[in-house]
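Structure first, commentary second.
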Amino acid sequence: MADDQKLTTREADFGAWYNELVLKSELADYSPVRGCMVIRPNGYGIWERMQRAMDDMFKETGVQNAYFPLFIPESYLHKEARHVAGFAPELAVVTIGGGKVLEEPLVVRPTSETIIYAMFAKWVQSYRDLPLLINQWCNAVRWEMRTRLFLRTMEFLWQEGHTAHATAEEGEAETRLILGIYRRFMEEWAAMPVVTGRKSESEKFAGALRTYACEGMMQDNKALQAGTSHNLGQNFAKAFDLKFQTEAGGTEFAWNTSWGVSTRMVGGLVMTHGDDIGLRVPPKLAPTELVVVPIYRAEEQRAQVLSVAHQIRSDLSKGASPVRVHVDARENMTPGAKYYDWELRGVPLRLELGPRDLEKAQGILVRRDSREKRPVPLAELSRTATETLAAIQHDMYTTARDRRDAHSYRGPITYARFREIIDGDGGFVYAGWCGTDACEAVIKEETKATIRVLPDPEFQSPDAPRTCVKCGNDATVEAMWAKAY
RNA sequence: CGGGGCGUAGCGUAGCCUGGUAUCGCGCCUGCUUUGGGAGCAGGAGGUCGCCGGUUCAAAUCCGGCCGCCCCGACCA
């Protein structure tokens, strides 16, 4: 009986585990439209906290939010050749409006570079108008063939930042600045270790000069691209005539960047931290940090326990370090059933509160990550909860980082060994690359692994690889290879 | 788009081969007893068996067509 309530284990079938977890923990559900999803309150609550954290960080750097339309004239997409070539296969196009065939079809935005830089061109005249730093939170549509909840859906939520700068250096600096913000968000908020670096030419954004990305390792040892930051150079400025007058009086095209993080991050969170019991949400992203489960028999106990529970919620929500508390007062469930329920949903801390505890003025505090239980005097609960939440946040990060490192491979490596790793348990393989498209393509063809990033210095191996893992010629760069989502 | 699987109550399923109007579990409703790791008992509600057509006295079951979804391979946040 209890068996059909359990999740498929990660080891038995990682994909099935993921789907069951997302559905059972009520993060999301399938929609009537193939490839689309409904994000339920549990999932949206996490997304809202992600939004808030990132939004604050963007704004600290001077970025302002705005909103650009969902519909983009089809002709705009065609103004940047590589951009349209990259996105054409996955466009949704509106051809009829109000019952009439439109003169010009409207593309449902797959991303907004074209319309945003067209608008920037109207707004920017002089170097004094730069930099222009804009972000929007919106949905985007890409007609995908194979979809998975959160990881790839035809419509997804994200933020897309778009900036314009006076010099190439400023554009590059902005691209790197945002990549750093993404990294900080993923490490400090999502407790998700990432490797940052540059994308190879074949993997970069359609229309970009350079693409940088954060790559996390999921528990099946596959890579998940969790955020990208593009240096667009002057490609779009030239396509949309985004020019400005320089201080010296000349005219120059602006330098653009764009960068985005999507609801895919929620899927990354699940695959980074989930276990066979359910979800584990890092405290800083958890809509509820602590759930109080009241235990009682007699009616007078019920009133007493609930009264203390609500007092706890009220007390913890105040003060210098407020804790987000929920009291689970459902009458039709036993305490044990509630424990399973909240563990499935990933709430970081649980306080079990019964008559025996009240006698001792304590509660039983249970960590979701380690499932460790211990009695805590109610008088110290506020401090203990805050400290424990911080410890959970910290431990979740180090646990994820340690397992990432345990499945990362560095040092001299043969192609045979490379294939053995990729075909076996998988992981991140750091290896030399000659820099040619040919070797990259052959490796992808033969192993399904791709270059996730050319790692930034802090992620490079102490001893730079000397030769290309495929052709044996001199390596021009170190590449991090993995199978990816 | 190729390969595989599946559509039966809100969810998960049995029945299909060998036609006779649907099984079981979870959930839901009512009542009582319960409540420290997935409560028990009793009663109850809930179904155009994905859709269309055919065969037949009779179709969830056999035949044909269609639709949808999920999973696995080529593109991608």
Side-chain angles (χ1 to χ4, degrees), chain A residues 1-6 13-16 18-20 23-24 26 29-36 85-91 109-111 138-160 182 199 202-206 211 213-216 223-230 258-268 277-278 293-299 301-302 305 328-344 350-359 362-364 366 371 373 375 444-445 448 450 484-485:
Chain A
M1 181 183 92
D3 277 354
D4 47 277
Q5 296 178 47
K6 283 188 181 146
D13 186 340
F14 194 79
Y18 176 82
N19 279 330
E20 287 175 23
L23 294 171
K24 285 189 171 182
E26 299 181 355
D29 203 351
Y30 292 108
S31 88
V33 178
R34 181 193 73 83
C36 293
F87 281 103
E90 47 193 24
L91 293 181
R109 70 173 157 237
T111 180
C138 65
N139 57 347
V141 169
R142 297 180 189 175
W143 212 262
E144 301 287 353
M145 292 191 268
R146 280 197 55 197
T147 58
R148 295 198 69 189
L149 294 168
F150 285 113
L151 302 175
R152 177 167 300 106
T153 47
M154 297 213 305
E155 179 189 9
F156 55 91
L157 305 183
W158 73 343
Q159 56 73 212
E160 48 175 328
Y182 286 162
K199 286 288 183 182
S202 71
E203 297 277 336
K204 75 180 186 186
F205 177 74
T211 288
C214 300
E215 297 279 336
L224 182 79
Q225 179 173 300
T228 51
S229 185
H230 314 291
S258 69
W259 25 277
V261 163
S262 74
T263 38
R264 176 180 239 204
M265 276 292 295
V266 179
I277 295 162
V293 177
I295 303 158
Y296 45 78
R297 286 169 188 271
E299 184 58 27
Q301 286 177 340
R302 192 184 82 93
V305 170
D328 186 353
R330 285 176 290 183
E331 298 279 356
N332 55 346
M333 279 175 96
T334 59
K338 291 180 183 178
Y339 301 163
Y340 284 101
D341 195 42
W342 292 109
E343 284 170 359
L344 175 65
R350 172 173 84 235
L351 186 76
E352 303 172 4
L353 195 67
R356 295 210 293 270
D357 299 309
L358 292 194
E359 284 172 19
Q362 66 171 28
I364 306 296
V366 188
R371 304 185 85 200
K373 290 190 180 196
K444 180 175 179 179
E445 169 74 25
K448 307 293 180 205
T450 51
Y485 277 95

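Order of the sequence lines fixes the chain letters, A, B, ..., with proteins taken first and strands second; residue numbering starts at 1 for each chain.
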Below 4.0 angstrom from OP1 or OP2 of B:C11, is there any side-chain N or O of A:K24? no

**Prompt:** Does OP1 or OP2 of B:C75 have a side-chain N or O of A:R146 closer than 4.0 Å?
**Reply:** no

Atom pairs, N/O to N/O, protein against nucleotides 66-70 of chain B, distance under 3.5 Å?
unit_1: B:C69; atom_1: OP1; unit_2: A:R34; atom_2: N; d: 3.3

Under 3.5 Å, which protein N or O atoms sit close to an N or O of nucleotides 28-35 of chain B? Give each pair with its distance.
unit_1: B:U35; atom_1: OP1; unit_2: A:R297; atom_2: NH1; d: 2.0
unit_1: B:U35; atom_1: OP2; unit_2: A:R297; atom_2: NH1; d: 3.3
unit_1: B:U35; atom_1: O2'; unit_2: A:Y296; atom_2: O; d: 3.1

Selection from [options] that lies nearest to any side-chain heavy atom of [X]:
X      : options             : value
A:K373 : B:G36, B:G37, B:A77 : B:G37
A:S262 : B:C75, B:G37, B:A77 : B:A77
A:F156 : B:G37, B:G36, B:A77 : B:A77
A:I364 : B:C75, B:A77, B:G36 : B:G36

Sorted by chain and number, sequence neighbours left out, side-chain contact (heavy atoms from CB on, under 4.5 Å) with A:A226 holds for A:M186, A:M265

Residues passing the ring-ring contact (aromatic ring centres under 6.0 Å, His included) test with A:F87, sequence neighbours excluded, are A:H83, A:F205

By salt bridge (Lys or Arg N to Asp or Glu O under 4.0 Å), A:D357 pairs with (sequence neighbours left out) none

Heavy atoms of A:L91 and A:W143 approach each other most closely as O-CB, 4.3 Å

To the nearest angstrom, the CZ-C1' distance between A:R330 and B:G27 comes to 14 Å

Listing for RNA chain B: consecutive Watson-Crick or G-U pair runs of at least 3, distance cutoff 3.5 Å, ranges ordered by first number, gives B:1-7 with B:67-73, B:10-12 with B:24-26, B:28-33 with B:39-44, B:50-54 with B:62-66

